[in-house]
Amino acid sequence: MILEKKLTIKEIFDEMKSIKARLINLATVYHRSTASITAVTWKDIVVGGGKKGDIMLNKVIKKEELENKFDADLASYNSYKELAIEEIREMISKESVEYCIAYFRDELKWRWEDIRKLFNYSLRQCHNLYNKHKNK
């Protein structure tokens, strides 16, 4: 029996940040490899030197491998995103609004504008609720 550890919202966002960095890196490598694929020249056909195999075929295979890695990481990122949304909804339904605002501001370091949009409050209301929680 495998026990799954429930991740906190902060851990989920940290994992999403690392996956996003990998996606950006893969996109850069993919872009570079795509730019290096050119038309076949006589030099590519003539076998010589220390190069083994078909140069163009190797580039296309590498491009496919990068696409597969990118797709897998993107799927992982999207699943973490859905998990984060569910955890935030659960937290909002269980905890007070004041606590949630303070958690998003202090623990997750969210901007006030993002917190305001999440709760559909004005900026002043968010500040007041945050201060109310801190003064408890």
Fill in: Plane angle bin for Phe119 and Phe104 - parallel if under 30°, tilted between 30 and 60°, otherwise perpendicular
tilted

Worksheet item: For residues 127-136, which residue pairs qualify under salt bridge (charged side-chain N to carboxylate O under 4.0 Å, His left out), counting only residues two or more places apart or in two chains?
Response: Glu98-Lys132, Asp106-Lys134

Worksheet item: For Lys94, which residues count as a side-chain hydrogen bond (donor to acceptor under 3.5 Å, both in side chains) partner, sequence neighbours excluded?
Response: Glu90

Fill in: Atom pair CG (Leu74) and OG (Ser79), whose distance is rounded to the nearest 0.5 Å
10.0 Å

Discussion item. Checking Glu86 now: which residues fulfil side chain to side chain contact (heavy atoms under 4.5 Å, CB included) with it, not counting sequence neighbours?
Written reply: none

Practice prompt. Only counting residues at least two apart or in another chain, list the ones meeting side-chain hydrogen bond (donor to acceptor under 3.5 Å, both in side chains) with Glu67.
Written response: Tyr30

Practice prompt. Mind jotting down which residue pairs meet the salt bridge (charged side-chain N to carboxylate O under 4.0 Å, His left out) criterion with at least one end in residues 114-130? Sequence neighbours excluded, please.
Written response: Arg111-Asp114, Glu113-Arg116

Worksheet item: Atom CD1 in Ile12, atom CD in Glu82: separation rounded to 0.5 Å?
Response: 11.5 Å

Worksheet item: Roughly how far, to the nearest 0.5 Å, is CD of Gln125 from CG of Asn120?
Response: 9.0 Å

Discussion item. According to ring-ring contact (aromatic ring centres under 6.0 Å, His included), who are the partners of Tyr130, at least two apart in sequence or on a separate chain?
Written reply: Trp112

Practice prompt. Please check if Ile101 and Leu123 belong to a single hydrophobic cluster, counting links between Ile, Leu, Val, Met, Phe, Trp and Tyr side chain heavy atoms closer than 4.5 Å.
Written response: yes

Worksheet item: What pairs of residues pass the side chain to side chain donor-acceptor pair (under 3.5 Å) test when at least one of them lies in residues 15-27, not counting sequence neighbours?
Response: Arg22-Asp73

Worksheet item: Within the side chain of Ser76, is there an N or O that forms a donor-acceptor pair under 3.5 Å with the backbone of Ala72?
Response: no

Fill in: Interatomic spacing from NZ in Lys6 to CG in Leu83 - rounded to 0.5 Å
8.5 Å

Worksheet item: What residue pairs, at least two apart or across chains, pass ring-ring contact (aromatic ring centres under 6.0 Å, His included) with a residue in residues 61-89?
Response: none

Worksheet item: Rounded to the nearest 0.5 Å, how far apart are CD1 of Ile88 and CG of Leu118?
Response: 6.5 Å

Worksheet item: Who are the side chain to side chain contact (heavy atoms under 4.5 Å, CB included) partners of Glu95, not counting sequence neighbours?
Response: Met91, Tyr99, Cys100

Worksheet item: For Tyr121, which residues count as a ring-ring contact (aromatic ring centres under 6.0 Å, His included) partner, sequence neighbours excluded?
Response: none

Discussion item. Quick check for you: to the nearest 0.5 Å, what is the distance between Asp14 atom CG and Ile19 atom CD1?
Written reply: 11.0 Å

Worksheet item: Which pair of non-hydrogen atoms, one from Lys10 and one from Leu108, has the smallest distance, and what is that distance?
Response: CA-CD2, 3.6 Å

